[in-house]
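When a ligand or atom number is given, it counts from 1 through the structure's own listing order. Positions are given from 1 along the sequence.
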Amino acid sequence: MKLSKNALQLLNARYLLKNSEDEVIETPEQLFSRVAKYVASAENEDKEKWEDRFNDLLTHLYFLPNSPTLMNAGLPNGQLSACFVLPVEDSLSSIFTTLKNTAMIHQSGGGTGYNFSQLRPKGDMVSSSGGVSSGPMAFIKIYDTATEHIRQGGKRRGANMGILNVDHPDIEEFILAKTAGDTLHNFNLSVGITDDFMETVQHERDWKLMNPRTKKIAKTIKAKKLWDQIVSQAWATGDPGLIFLDTLNKHNTVAEIGKIQSTNPCGEVPLFEYESCNLGSINLSKMVTLKEPEGTAVDWNKLERAIASAIRFLDNIVSINHYLLPQIAAITKNNRKVGLGVMGWAEMLALLNIPYASEKAILLGERIMQFVQSKSYMASAELAKERGDFPNWKKSTFHPNKHMRNATCNSIAPTGSISVIADTSYSIEPLYALAYKRVGILDNQTQMEVNPIFVGKMQALGLWTDQVKNEVLNTGSIQQLEHIPKKVKKVFETSLEIPWEYHLKHQQAFQKYTDNAVSKTINLIKSTPKETVSDIYMTAWKYGLKGITIYRDGSKADQVLQACHLN
Ligand code: ADP
């Protein structure tokens with residue numbers, strides 16, 4: 001197997017099995033065969049055939065499942081899912097039961113999301129004690145502190161998504177939560193937004209905050225004022241993001257069993273309370289073929305084969321996963337949601353000589369994801385024939401015409417760690433720089449690397465010189481080099497050189513064909529004004545995105561999305 005130095009380091013530190021002396025006792029090949037064997041054990045027939053096929057998929061780095069599957073598959077009680085949502089009801093018992101369950105999920109490598117909007121506001125009456133309530137923020141801080149102290153099997157810190165709906169009386173405190181210095185490192189915060197609120201902002205009308213316990217209006221404020229607070233905070237710190245609750249529920253395939261109130265930590269999977277989901281991503285940088293006379297082209301056949309095997313792989317995990325709680329097992333097995341996505345999109349574009357900031361890239365993005373979705377649905381329908389529909393199928397939007405094994409098939413995850421293992425670009429993000437250290441992944445031990453696809457292209461063009469190498473090692477960019485042709489520069493624009501409009505259009509292109517959601521960060525240069533953040537958040541809603549996150553270069557908080565992966 002060919003693995004990069006950084007991939008080997010990461011695998012050594014966190015994925016390969018160790019003995020009680022903390023010595024690594026498996027090779028990367030053994031890791032992949034452990035995973036393939038375990039996942040194939042779910043098959044009724046031809047176990048060996050499937051084991052080989054899964055092993056092939058993994059060792060070629062065509063597809064990788066989420067980290068907990070790589071870490072835990074085949075181990076006693078191995079918990080394999082990355083994504084969970086847990087309930088938070090308005091009682092101390094519920095709050096602390098969920099905190100306990102959170103600890104267990106984090107320890108196993110999963111991340112948790114919650115909507116705190118059912119909690120009565122700060123200062124509200126508590127009849128049992130005769131006192132007053134601490135409010136959602138106090139409990140979010142407790143969750144954050146607990147997370148800080150539960151290292152995931154000594155491997156990484158946990159990650160959480162905290163949502164508070166825009167009509168909760170404590171929403172202003174929530175919006176400002178990350179200004180108060182060094183707090184809430186283990187949370188992404190998102191305001192739960194409704195279409196009603198967005199229209200109220202547009203018309204600059206009054207907005208009512210409601211006490212969830214009494215259902216009485218607690219306060220009336222100008223919607224625009226609340227919007228400006230959200231925008232200012234996001235501009236200053238990156239948080240809060242937005243979650244568009246009505247859009248989530250419009251696309252809820254099992255709406256009959258209830259409303260969805262929350263997503264997992266990075267936003268790519270809307271889930272019911274206690275529901276979990278397994279993710280996996282196809283490496284698009286490996287789905288490009290040499291073709292004469294054009295040079296390179298998308299290898300649709302290879303992509304199709306990878307999708308069908310990957311959906312089967314993820315469906316198998318639902319069957320053979322070890323669930324931490326009976327409630328998680330029940331709803332997860334009834335809906336059998338999986339989230340197949342992609343990584344290496346920017347590298348695929350570079351291999352095809354298509355600039356990220358171009359209409360051609362947007363159109364290809366749509367085509368690719370439409371293909372991934374339709375082939376995923378075909379694979380799921382095939383599995384339904386073989387193994388039966390998901391148990392809640394009769395309550396789903398698929399009933400009665402379309403048989404399906406899984407209530408959802410696709411999510412675009414950030415692929416924070418697995419893209420390092422696959423040595424490709426993150427998710428659908430543009431290249432962050434042409435030379436970089438994967439800083440933070442392993443306490444700065446990682447190597448400085450120049451993107452190999454960039455080097456290959458420059459060599460082919462006869463442009464790979466010491467001058468170019470030094471420039472990219474120093475600045476990460478080739479935009480200031482006068483002798484490089486414009487066309488080449490355009491293909492190698494990096495994240496902060498790409499206008500926000502194109503970041504957003506890529507998110508939209510992939511969201512169009514993703515039944516769950518797309519996790520993406522709209523990276524902005526430091527001088528970006530607040531009005532742009534407002535435009536981005538408003539456009540995200542109009543585009544029908546399910547959520548939105550921005551990060552302005554150099555703003556003060558840690559970039560939580562990165563912090564998730566980098567700790
Ligand atoms: P990976 O590359 O490790 O498989 P991703 O970066 O694609 O993971 O993230 C997918 C999901 O995994 C996240 O949305 C979140 O639910 C979970 N996750 C990611 N990082 C962490 C973490 N440090 N702790 C807990 N869960 C995490």
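Polar contact with ligand 1: present for I418 (N/O pair, distance under 3.5 Å). For ligand 1, the polar-atom distance check against G158 finds no nitrogen or oxygen pair separated by under 3.5 Å. Close N/O approach between T415 and ligand 1 is found [any backbone or side-chain N/O within under 3.5 Å]. Checked against a 3.5 angstrom limit, the closest N/O atoms of G416 and ligand 1 fall inside it. Polar contact check, R157 against ligand 1: a nitrogen or oxygen pair lies under 3.5 Å apart. When only interatomic distances are considered, the shortest N/O to N/O separation between A82 and ligand 1 falls below 3.5 Å.
Close approach of ligand 1 to S67 is summarised as follows: ligand atoms under 4.0 Å from at least one heavy atom of the residue are 1 (P), 3 (O), 4 (O). Against a heavy-atom cut-off of under 4.0 Å, A413 is close to the following atoms of ligand 1: 7 (O). Ligand-side atoms of ligand 1 in range of C266: 13 (C), 14 (O), range being under 4.0 angstrom from any heavy atom. Each of the following atoms of ligand 1 lies closer than 4.0 Å to a heavy atom of N66: 4 (O). Less than 4.0 angstrom separates some heavy atom of G111 from each of these atoms of ligand 1: 25 (C), 26 (N). The contact set between ligand 1 and C83, taken as ligand atoms under 4.0 Å from a residue heavy atom, comprises 16 (O). Close approach to G110 involves these atoms of ligand 1, each under 4.0 Å from a residue heavy atom: 25 (C), 26 (N).
At a threshold of 4.5 Å between non-hydrogen side-chain atoms, the residues E268 and T263 do not count as touching. Side-chain atoms of L86 and I105, non-hydrogen and from C-beta on, do get closer than 4.5 Å to each other. Contact annotation: the side chain of T247 approaches that of H251 to within less than 4.5 Å [non-hydrogen atoms, C-beta and beyond]. For the pair M1 and L61, the minimum side-chain heavy-atom distance is below 4.5 Å. Contact of the F84 side chain with the I328 side chain is registered, since non-hydrogen atoms from C-beta on lie closer than 4.5 Å.
A parallel orientation is assigned to the rings of Y62 and H60, their planes being inclined by less than 30° (bins at 30° and 60°). Ring geometry, F187 versus Y143: the interplanar angle falls from 30° to 60°, so the pair is classed tilted.
Not one N or O on the side chain of K546 forms a donor-acceptor pair closer than 3.5 Å with the backbone of S519.
When heavy-atom distances to ligand 1 are checked against a 4.0 Å cut-off, E268 comes that close only through its side chain, counted from C-beta outward. At a 4.0 Å heavy-atom cut-off, ligand 1 touches N264 through the side chain alone.
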- Task: Take E497 and T494 through the test side-chain hydrogen bond (donor to acceptor under 3.5 Å, both in side chains) and record every step on the way to the result.
- Result: CA-CA 5 Å; E497 292 158 355; T494 54; 3.0 Å; yes
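Shown are T98, N264, N160, N101; of these, the side chain to side chain donor-acceptor pair (under 3.5 Å) with T112 is made only by N160.
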